[in-house]
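Written out below as structure tokens is the structure these notes cover.
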Amino acid sequence: MPRRDFIPGRREPEVPSNTFSYFFREAFRRIWVSKRTSFVAVAMIAISLFIVGSFLLVAENLGRAAAEWQGKSRVIVYFESDATAQQVDAVGRWLASRPEMAHRRLVTREQAMARFRTWFANLSEVVGQLDDNPFPPSFEVDVDPRLAQSPAFRQTIAALQTMSGVDQVQHDWEWIARLRRVVNAINIAGLVAGGILAVAAAFTISNVIRLTMLLYREEIEIMRLVGATERIIRGPFLIEGFLQGTIGGLLAILLLLVTYESARRALASSSSILWGFLFTGFLPGPKIAALVAGGMLAGWFGSWLSVRERSDTER
């Protein structure tokens, strides 16, 4: 009988009594024996899914902000800096006479200054050095989103713009539409970048599994001699890639959560408005599950490529 070299971690092949547990037990053993190469595969999956998750997380938070603002469309009437109290009262009465714009709030100059200092805490000292309050009074008017897009409402806005003392009239549904386009672009960019990186990660796992198969080629030959089927031989390698993808996916979620929490705590104190838009919450459960499932699929696909290529070579 030909002599076989001893390789650490290798043992005599066994005939499995339970195929499913045998696949996982062998896969874990081979991952542990080939820790360095397995780490490369797991790291590639984790980096790929971390990048995809980052795009999804930004898009998710921006989408939440757009959905929240779209549900309560708002018109803001800014007055000129030298507008008189009579002009402000006249605009208020004009708004009250129209049912669709009767729900209004007057924001005084002092309130506008306080808001700015809250939202942009890092700039509050600069504003405090000014001699006069630079912020004009304004009316915030909540309107029904269904009416906001009508031609009649646009005519109402145009008439409001011409009133005495009014500097400009802003409405938020235009920037909401632009924000949604940005969200869609971010999602597409994330999927494209993630797809490219996932393919690269799958080929990395394929090479790792190919090296593992070379390492265990004598064990594979012995299993064939004792009558093991190709399913029993290939199963652990397929599960090995599947496990590497799963570990990479879970690691990507962990890194994404740590990065998110660190950024949220670091930026919340410097800019509350940034915190409000970009850090409203983490990814929802379905998207987390999709990222982990993507890692599983990439790992399984990479190992399947190696097993299929090996089988084609041996025929």
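Since the structure is predicted, the reported quantities are computational estimates derived from the model, not experimental observations.
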Inset, instruction - Answer with yes or no whether the side chains of Ser303 and Glu240 bring together a donor and an acceptor at under 3.5 Å. - result: no
Legend entry - Heavy-atom donor-acceptor pair, Ser262 side chain to Thr259 backbone, under 3.5 Å: no
Legend entry - Donor-acceptor contact below 3.5 Å, side chain Gln155 vs main chain Ala152: no
So, for [X] and [Y], which heavy atoms are closest and what is the spacing to 0.1 Å?
X	Y	value
Phe282	Leu257	CE1-CA, 3.7 Å
Met44	Ser48	O-OG, 2.8 Å
Ala59	Asn187	CB-OD1, 3.3 Å
Arg109	Pro136	CG-C, 4.0 Å
Thr108	Gln111	N-OE1, 3.0 Å

Inset, instruction - Check the angle between the aromatic planes of Trp300 and Trp304 and answer parallel, tilted or perpendicular using the 30° and 60° thresholds. - result: parallel
Inset, instruction - Using a 4.5 Å cut-off on heavy atoms from C-beta on, say whether the side chain of Leu255 contacts that of Phe50. - result: yes
Inset, instruction - Check whether any side-chain heavy atom of Ile76 sits under 4.5 Å from a side-chain heavy atom of Val141, and report yes or no. - result: no
Inset, instruction - Using a strict cut-off of less than 4.0 Å between a Lys/Arg side-chain nitrogen and an Asp/Glu carboxylate oxygen, indicate whether Glu140 and Arg104 qualify as a salt bridge. - result: no
Inset, instruction - State whether Arg105 and Asp142 are salt-bridged, where the test is any N-O pair (Lys NZ or Arg NE/NH1/NH2 against Asp/Glu carboxylate O) under 4.0 Å. - result: yes
